[in-house]
Amino acid sequence: MRRRLRLPRDASLTLLLGAALGLLLYAQRDGTAPTAGTSAPQARGRITPGPRAFQVRDTEAVPPAYEGDTPAPPTPTGPFDFGRYLRAKDQRRFPLLINQPHKCRGEGAPGRPPDLLIAVKSVAADFERRQAVRQTWGSEGSVRGALVRRVFLLGVPRGTEGTGTQTHWHALLRAESRAFADILLWAFDDTFFNLTLKEIHFLSWASAFCPDVRFVFKGDADVFVHVGNLLEFLATRDPQQDLLAGDVIVQARPIRARASKYYIPEAVYGLAAYPAYAGGGGFVLSGATLRRLAGACAQVELFPIDDVFLGMCLQRLRLTPEPHPAFRTFGIPPPSAAPHLRTFDPCFYRELVVVHGLSAADIWLMWHLLQGPPGPACAHPQPAASGPFQWGDT
């Protein structure tokens, strides 16, 4: 007679939990953003641009979906009510509760407009990230002879309308504004799908209060920006000419799965693919393009994904966003030839402009590593950064 193996209850529970954890880790691994190739950018100022060209394996395949291309959203997400969105989508003007009307008047140099305005998308509760930006790459003043100014773009915390909590947040943000003079607060709910409202309100504000700004960098609060490299890139560009440069995405298709937070029904967008757009983690535009976009976006029907919406506005202007491989909205994936390599290293950041997806502590640390005395020589003159994005790579 065969003896049936009996495990103690604790051992059985341990095996069950271990199996569940393994399934969870496997699912998490499968859900990570795809990694890119291994080609490195050229020397600073001579980086060969190229869009993230999605590779389709055959002519019958559809373009990749927006969801796989997009990093984690910078603002809270939640159940999205498309019925409510469609009923209220024409409401596109909200009061400005906190303003910075003198931000671009050149207080340190009368009559001189900013060479670079940094606009950072933030949420009320994210004071730590705002402080990290203020104390590192987003500091105001003269940077390599360029006048830099900074603002943070906020809406009202969701679910606080008409409550004491809203009054509390408003008081805190007003105190922060008095201390740093860089808060812009509008009276719409600060949600992921309202980032489009943040986009059009900022364009309108900048056109009114910073009409002579030369260039604008707009990005998330969890990016690291090498402002010196950005200014070097802009040094040869004419602010009176059209420019919008960043991590350009082409032929991304809308998500039709209702379970996705990026779900877009055909009634809202019926085409098979989105227009080319720059990843919202960080991009730069000229003053001329900013003013033209403000007018174009006022005529384009609102769309609940902000960077795609901006691509629609560019399409209306018949402008093509300029790809630049030093804008890394996926962060820095390890090279496939050295997957064990630590990418949080100044050697990777030395030649880049934007790296997305850092914590406040990481931003502070990397900024000080790059600002401090030169460390050991890097193994390569350029960072081993990824090349054009390719779907289907493993």
Side-chain angles (χ1 to χ4, degrees), residues 41-52 103-104 106 109 111-120 137-151 199 202-203 206-207 209-220 223-250 275-297 307 310-311 313-329 349-356 382 385 388:
Q42 304 300 316
R44 184 184 304 169
R46 297 190 298 277
I47 298 179
T48 304
R52 290 186 179 271
K103 176 57 66 174
C104 294
R112 177 186 174 187
D115 296 296
L116 179 66
L117 173 65
I118 294 172
V120 181
W137 62 266
S139 58
E140 295 189 308
S142 178
V143 180
R144 299 191 179 185
L147 182 61
V148 177
R149 291 287 183 260
R150 173 196 67 240
V151 289
E199 190 76 58
F202 168 71
L203 289 172
S207 298
F209 294 99
C210 295
D212 300 317
V213 64
R214 291 171 55 82
F215 296 98
V216 175
F217 173 82
K218 186 169 181 289
D220 294 339
V223 300
F224 177 86
V225 183
H226 195 309
V227 177
N229 288 351
L230 178 60
L231 291 172
E232 186 170 337
F233 165 68
L234 296 174
T236 59
R237 311 306 292 257
D238 183 355
Q240 299 304 318
Q241 299 296 318
D242 279 316
L243 170 69
L244 192 149
D247 189 358
V248 176
I249 313 297
V250 296
Y277 63 91
F283 58 87
V284 65
L285 65 159
S286 66
T289 299
L290 179 140
R291 293 184 288 273
R292 293 189 66 196
L293 274 177
C297 289
D307 46 10
L310 203 62
C313 299
L314 290 173
Q315 187 177 53
R316 184 178 184 87
L317 293 173
R318 297 186 178 180
L319 294 180
T320 302
E322 179 178 324
H324 198 301
F327 287 71
R328 295 290 172 181
T329 57
Y349 288 71
R350 187 176 292 174
E351 304 292 334
L352 299 179
V353 174
V354 175
V355 180
H356 188 260
Q382 299 94 17

Minimum heavy-atom separation for [X] and [Y], please, with both atom names.
{"X": "Glu351", "Y": "Ala326", "result": "O-CB, 4.1 Å"}
{"X": "Cys313", "Y": "Ala296", "result": "O-CB, 3.9 Å"}
{"X": "Ala276", "Y": "Val248", "result": "CB-CG1, 4.4 Å"}

Non-hydrogen side-chain atoms of [X] and [Y] separated by less than 4.5 Å:
{"X": "Phe233", "Y": "Val284", "result": "yes"}
{"X": "Cys104", "Y": "Pro113", "result": "no"}
{"X": "Pro114", "Y": "Val148", "result": "no"}
{"X": "Leu285", "Y": "Leu293", "result": "yes"}
{"X": "His356", "Y": "Asp220", "result": "yes"}
{"X": "Val151", "Y": "Ile118", "result": "no"}
{"X": "Leu147", "Y": "Arg149", "result": "yes"}
{"X": "Asn229", "Y": "Leu352", "result": "no"}

In Å and rounded to the nearest 0.5 Å, what is the [atom1] to [atom2] distance from [X] to [Y]?
{"X": "Ser139", "Y": "Arg150", "atom1": "OG", "atom2": "CZ", "result": "7.5 Å"}
{"X": "His226", "Y": "Leu230", "atom1": "NE2", "atom2": "CG", "result": "10.5 Å"}
{"X": "Leu290", "Y": "Phe202", "atom1": "CG", "atom2": "CZ", "result": "6.0 Å"}
{"X": "Asp307", "Y": "Leu310", "atom1": "CG", "atom2": "CG", "result": "8.0 Å"}
{"X": "Glu232", "Y": "Arg144", "atom1": "CD", "atom2": "CZ", "result": "6.5 Å"}
{"X": "Cys297", "Y": "Leu317", "atom1": "SG", "atom2": "CG", "result": "7.5 Å"}

Aromatic ring centroids of Phe327 and Phe283 under 6.0 Å?
-> no
Ignoring hydrogens and angles, tell me if any N or O in the side chain of [X] forms a donor-acceptor pair with the backbone of [Y] under 3.5 Å.
{"X": "Thr289", "Y": "Leu243", "value": "yes"}
{"X": "Arg328", "Y": "Val354", "value": "no"}
{"X": "Trp137", "Y": "Val223", "value": "yes"}
{"X": "Asp247", "Y": "Pro325", "value": "no"}

Can you list, pair by pair, the side-chain donor-acceptor contacts under 3.5 Å of residues 209-216, counting residues two or more places apart and other chains?
residue, atom, partner, partner atom, Å
Arg214, NE, Asp115, OD1, 3.2

Per the salt bridge (Lys or Arg N to Asp or Glu O under 4.0 Å) rule, which among Arg291, Arg292, Arg318 passes with Asp242?
-> Arg292
